[in-house]
Amino acid sequence: MRAASLVLFPALGLVFMLLSLPGALGDPPRDKKAPDQKVVLVIHGGAGVLDEDDLKELRLSKDEHRKRYEGALADALEAGYRVLQQPKKTSVDAVEAAIRFMEDAGVFNAGRGAVFNHDGRVELDAGIMEGKTRVEKGGEREGKHDPRKRAGAVAGVSHINHPISAARAVMEAQRQVLLAGEGAESFALGEKIKEKYHIEKVSTVYFWTDRRLKEIRKKIEEEEKKGGAKGPGHGTVGAAALDRQGNLAAGTSTGGLSNKHPGRIGDSPIIGAGTYADDRACAVSCTGTGEVFIRHAVAHDVVARMLYAKDSVQKAASDAIAQLPDEKDGVGGLIALDRDGNHYFAMSARSLGMYRGYATSEGEIYVAIYKDDNPKLMKKVDGGK
Ligand code: ASP
């Protein structure tokens with residue numbers, strides 16, 4: 001007996017040691033290339049990255065593609081990071097700033113670069129959420145509203161240049177969480193809101209980019225031939241940030257799926273599906289086939305895994321994506337940032353990649369596109385610690 005335990009215990013010890021090593025057995029494969037710095041802002045520009053055929057069609061060389069997207073991601077990160085460096089600015093401010101930049105860039109499927117629905121119109125969705133869970137006792141709103149979880153969203157808007165700011169306005173009004181269509185527009189374009197949140201009314205022509213016009217013509221032609229051509233719009237945008245007060249926020253903005261049915265709403269403005277934040281766990285923004293993300297409540301699933309199963313952000317995010325169906329072009333991906341500044345990019349097994357990047361607390365800005373890309377240092381922004 002004694003001889004057996006002498007052999008058995010060291011062997012068990014070895015197994016326990018192995019299991020507790022980071023990345024060993026139970027853990028998902030970690031992004032071994034990601035440096036260990038603490039991150040304060042993480043963004044994505046959509047899971048539908050351009051493949052070789054897309055590049056050919058757009059007459060875009062590989063180098064030009066990289067330059068254009070890496071540059072846009074890095075500038076969006078810089079915009080968000082600079083906001084975070086200002087005293088009193090919050091994670092919500094940074095998320096909004098980074099997303100507003102991407103909504104203006106014209107290269108993402110959000111704001112000016114958004115895809116068209118089957119009727120040749122844009123219908124934009126956006127959602128934003130604060131991670132704060134604190135009850136502010138004695139505050140103006142105590143007893144009237146639940147101030148612990150603030151979130152706001154707009155869906156199916158066609159005349160707003162910055163849907164993410166409209167979503168923020170809905171959140172801060174604390175009456176509704178999700179406004180759609182004309183009601184969302186009349187709320188966001190009301191004089192006071194428009195001015196406070198820097199939102200402009202734009203005509204449909206504002207969204208007529210060459211690329212999206214060609215894309216919708218092609219999709220409709222394909223549909224006439226084989227039926228049902230609806231697809232990723234290449235470039236939904238999202239951000240998650242952590243501020244000096246330790247508060248998280250997440251936001252997502254999109255034109256949805258190209259050639260979608262008019263009135264279709266995706267996961268981005270659905271709190272818990274495409275967007276979620278909780279200071280006790282992490283902030284999440286998703287991209288991909290919205291219907292799947294809604295059915296699986298993916299953004300909240302990541303948070304729930306951290307809260308209830310005590311998973312790390314890496315494990316929670318990668319398991320939440322791994323449970324989704326594995327479709328031909330991949331279903332999508334997500335970004336997640338936890339309250340300690342650890343982040344993770346999760347991508348479904350067969351997806352090519354995700355436009356993505358992060359800013360560290362030191363102001364270093366990294367971006368990547370395809371799945372196996374090493375995060376590339378683009379710049380170091382002054383003002384970092
Ligand atoms: N998730 C978005 C939607 O379904 C699209 C995307 O991320 O590409 O509306």
Side-chain angles (χ1 to χ4, degrees), residues 40-44 80 83-84 89-100 102-103 110 124-136 141 145-155 157 162-180 184 187-188 197 236-243 245-254 265-287 290 293-294 296-307 313 316-317 320 334-339 343-344:
V40 290
L41 177 63
V42 47
I43 64 171
H44 70 79
V83 166
L84 265 184
K89 290 285 184 187
T90 65
S91 49
V92 171
D93 294 317
V95 162
E96 186 190 11
I99 292 183
R100 280 178 70 99
M102 292 189 279
E103 286 175 336
L124 312 171
D125 301 336
I128 194 163
M129 186 168 191
E130 283 181 352
K132 276 188 208 163
T133 52
R134 201 181 50 231
V135 185
E136 281 156 28
R141 295 193 173 272
H145 299 279
D146 174 5
R148 288 171 296 179
K149 291 231 177 244
R150 293 207 306 177
V154 293
V157 295
H162 286 300
I164 194 66
S165 300
R168 180 177 184 170
V170 173
M171 172 173 85
E172 291 181 349
Q174 295 193 85
R175 281 190 289 275
Q176 297 86 14
V177 170
L178 171 59
L179 289 178
F187 169 81
Y197 291 92
T236 287
V237 304
L242 175 66
D243 62 28
Q245 288 72 45
N247 295 133
L248 290 163
T252 315
S253 178
T254 187
I265 293 168
D267 58 316
S268 315
I270 308 293
I271 300 304
T275 306
Y276 205 77
D278 188 318
D279 279 357
R280 295 169 300 166
C282 66
V284 183
S285 169
C286 303
T287 168
F293 284 78
I294 293 173
H296 293 261
V298 176
H300 184 264
D301 186 40
V302 178
V303 168
R305 285 169 190 270
M306 289 186 69
L307 286 179
V313 69
L334 62 81
I335 57 172
L337 175 65
D338 78 9
R339 59 184 184 163
H343 73 291
Y344 195 72

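The analysis underlying the following values was restricted to heavy atoms, covering all of them including side chains, and did not include hydrogens, waters or symmetry mates. Along the sequence shown, residues are numbered consecutively beginning with 1.
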Contact summary for Cys286 and His44, nearest pair of heavy atoms: O-NE2, 3.6 Å

Contact check, side chains of Arg100 and Ile164, non-hydrogen atoms, under 4.5 Å: yes

Gap separating the CD atom of Glu130 from the NZ atom of Lys149, nearest 0.5 angstrom: 10.5 Å

For Leu242, all residues meeting side-chain contact (heavy atoms from CB on, under 4.5 Å), sequence neighbours excluded: Leu248, Leu337

Closest non-hydrogen atom pair between Ala184 and Val157, with its separation: CB-CG1, 3.6 Å

Interatomic distance, Arg339 atom CZ to Ser91 atom OG [nearest 0.5 angstrom]: 14.5 Å

Sole residue of Asp301, Val298, Thr287 in side chain to side chain contact (heavy atoms under 4.5 Å, CB included) with Phe293: Val298

Rounded distance (nearest 0.5 Å) linking atom CD1 of Ile99 with atom OG of Ser165: 9.0 Å

Distance in Å, Asp267 CG paired with His296 NE2, rounded so as to fall on 0.5 Å steps: 12.0 Å

Partners passing salt bridge (Lys or Arg N to Asp or Glu O under 4.0 Å) against Asp243 (at least two apart in sequence or in another chain): none

Least distance between heavy atoms, Ala250 atom then Val284 atom: CB-O, 3.4 Å

Qualifying residues under side-chain contact (heavy atoms from CB on, under 4.5 Å), relative to Asp338, sequence neighbours excluded: Cys282, Met306, Val313, Asp340, Asn342

Set of side-chain hydrogen bond (donor to acceptor under 3.5 Å, both in side chains) partners for Asp279, sequence neighbours left out: Asn247

Nearest atoms (heavy-atom pairs only) where Leu41 meets Ala241: CD1-CB, 3.8 Å

From Gln176 atom CD to Phe187 atom CZ, the distance as rounded to the nearest 0.5 Å: 7.0 Å

Donor-acceptor pair, side chain of Asp125 and main chain of Gly266, under 3.5 angstrom: yes

Residues in side-chain contact (heavy atoms from CB on, under 4.5 Å) contact with Ala304, at least two apart in sequence or another chain: His300, Tyr308

Donor-acceptor contact present, side-chain Glu96 to main-chain Arg168, <3.5 Å: no

Distance-minimising heavy-atom pair for Arg305 and Ala316: CD-O, 3.5 Å

Side chain to side chain, Met129 and Met171, heavy atoms closer than 4.5 Å: no

Distance-minimising heavy-atom pair for Ala336 and Val302: CB-CG1, 4.5 Å

Using residues 268-277 as the side-chain source, report each donor-acceptor pair under 3.5 Å to any protein atom, sequence neighbours left out, with the distance given to one decimal.
residue: Thr275; atom: OG1; partner: Thr252; partner atom: OG1; Å: 2.7
residue: Thr275; atom: OG1; partner: Ser268; partner atom: O; Å: 2.8

